[in-house]
Amino acid sequence: MSVTIKSAREIELMREAGKILAKTHEELAKALKPGMTTWDIDHLGEEIIRSYGCIPSFNNYNGYPASICVSVNDEVVHGIPSRKHFIEEGDIVSLDAGVIYKGYHSDAARTYGIGEISPEAGRLIEVTKQSFFEGIKFAKAGNPLNLVGHGIGSHLHEDPEVPNFAGRLRGLKPRPGMTLAIEPMINAGTPEVVWLDDDWTVVTEDGALSAHYENTVLITEGEPELLSLVSEAH
Ligand code: MF3
Ligand code: CO
């Protein structure tokens with residue numbers, strides 16, 4: 001699939017999708033508490049997304065069995081919600097969600113601490129968020145892409161691939177009208193990860209904590225516009 005440059009109409013739909021997703025994350029953040037299961041979080045997330053007239057894009061995406069990826073502690077990404085997994089005080093929980101509004105996608109992730117968390121866990125969450133904001137300083141027309149994520153639009157995953165790390169090859173140069181999901185994941189220990197037998201959940205090999213932060217971003221002539229982080233939603 002080739003890289004798409006979005007029309008003004010498409011950008012408007014993606015703004016709306018992003019706004020709804022930002023609100024979904026805010027509502028989920030308020031609801032998080034110890035004793036909930038990761039299934040409860042998924043169920044609530046799906047309800048919120050549908051209440052805005054959107055479709056949860058992850059549900060059944062390549063067979064993924066839920067609407068929200070809930071990744072706890074050493075789970076890096078794509079954790080599968082479970083009725084048996086209770087979240088506890090001191091956990092860190094990454095919620096990755098995607099919505100489709102009138103055919104257009106938005107994809108965003110946040111990591112939260114449950115109750116009081118260790119200083120190390122708090123720092124990890126902050127650094128992960130910061131690395132997103134440092135990264136998007138380079139998400140400008142003409143700068144080769146070496147961030148984390150993927151194109152997004154009328155499909156959840158579009159070209160270009162946005163590499164996870166600085167590679168030897170310089171990536172494609174973003175152009176105004178491109179929309180990207182940029183999603184750093186940071187491990188507190190080593191970068192090594194293991195894929196669990198459920199075929200989805202990625203965990204850190206050393207059992208250390210991991211955090212995730214993601215937004216859908218529009219490349220413009222100037223500063224990138226954060227479609228899934230909207231001030232009105234605050
Ligand atoms: N943000 C995730 C990603 O880009 C969304 C996909 S989750 C899936 O990998 F479950 F739908 F696959
Ligand atoms: Co994504």
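Along the sequence shown, residues are numbered consecutively beginning with 1. Numbering of ligands and ligand atoms starts at 1, following listing order.
- Using a cut-off of 4.0 Å between Lys/Arg side-chain N and Asp/Glu carboxylate O, K140 and E223 are scored as salt-bridged.
- Contact analysis puts D96 in contact with ligand 1, with a non-hydrogen atom separation below 4.0 angstrom.
- Between Y61 and ligand 1, not a single N/O pair is under 3.5 Å apart.
- By the criterion of a heavy-atom distance under 4.0 Å, the side chain of Y64, and not its backbone, is placed next to ligand 1.
- Heavy-atom proximity to H150, at under 4.0 Å, picks out these atoms of ligand 1: 4 (O).
- Under the 4.0 Å criterion applied to side-chain N and carboxylate O atoms, E47 and R50 are not assigned as salt-bridge partners.
- Atoms of ligand 1 found under 4.0 Å from any heavy atom of H78 (numbered from 1 in listed order, with element): 2 (C), 3 (C), 6 (C), 7 (S), 9 (O).
- Between F133 and Y213, the ring-plane angle classifies as tilted under the 30° and 60° cut-offs.
- Among the atoms of E214, an N, O or S atom falls under 2.8 Å from the Co ion (ligand 2).
- Given atom 5 (C) of ligand 1, the protein heavy atom at minimum distance is F58 CZ, 3.2 Å.
- Taking only nitrogen or oxygen atoms, main chain and side chain alike, E214 reaches within less than 3.5 Å of ligand 1.
- The part of C69 lying near ligand 1 is the side chain, judged by heavy-atom distances below 4.0 Å.
- Here the two rings, on F58 and H78, have centers that are 6.0 Å apart or farther.
- Between K129 and E134 no salt bridge is recorded (no basic side-chain N to carboxylate O distance below 4.0 Å).
- Under the 3.5 Å distance criterion, the side-chain polar atoms of S228 are left unmatched by any main-chain donor or acceptor of A22.
- Between E16 and K102 there is no salt bridge, since none of the side-chain N atoms of the basic residue sits less than 4.0 Å from a carboxylate O of the acidic one.
- For D42 (side chain) and S67 (main-chain N/O), a donor-acceptor pair under 3.5 Å exists by modelled atom type.
- Atoms OE2 of E183 and OD2 of D107, as seen from the Co ion (ligand 2), are separated by an angle of 170°, to the nearest 10°.
- Here H157 does not reach the Co ion (ligand 2): none of its N/O/S atoms is less than 2.8 Å from the metal.
- Atoms of ligand 1 lying under 4.0 Å from at least one heavy atom of D107, given by number and element, are 1 (N), 2 (C), 4 (O), 5 (C).
- With hydrogens and angles disregarded, a donor-acceptor distance shorter than 3.5 Å links the side chain of W195 to the backbone of D199.
- Ligand 1 places these atoms under 4.0 Å from at least one heavy atom of W200: 10 (F), 12 (F).
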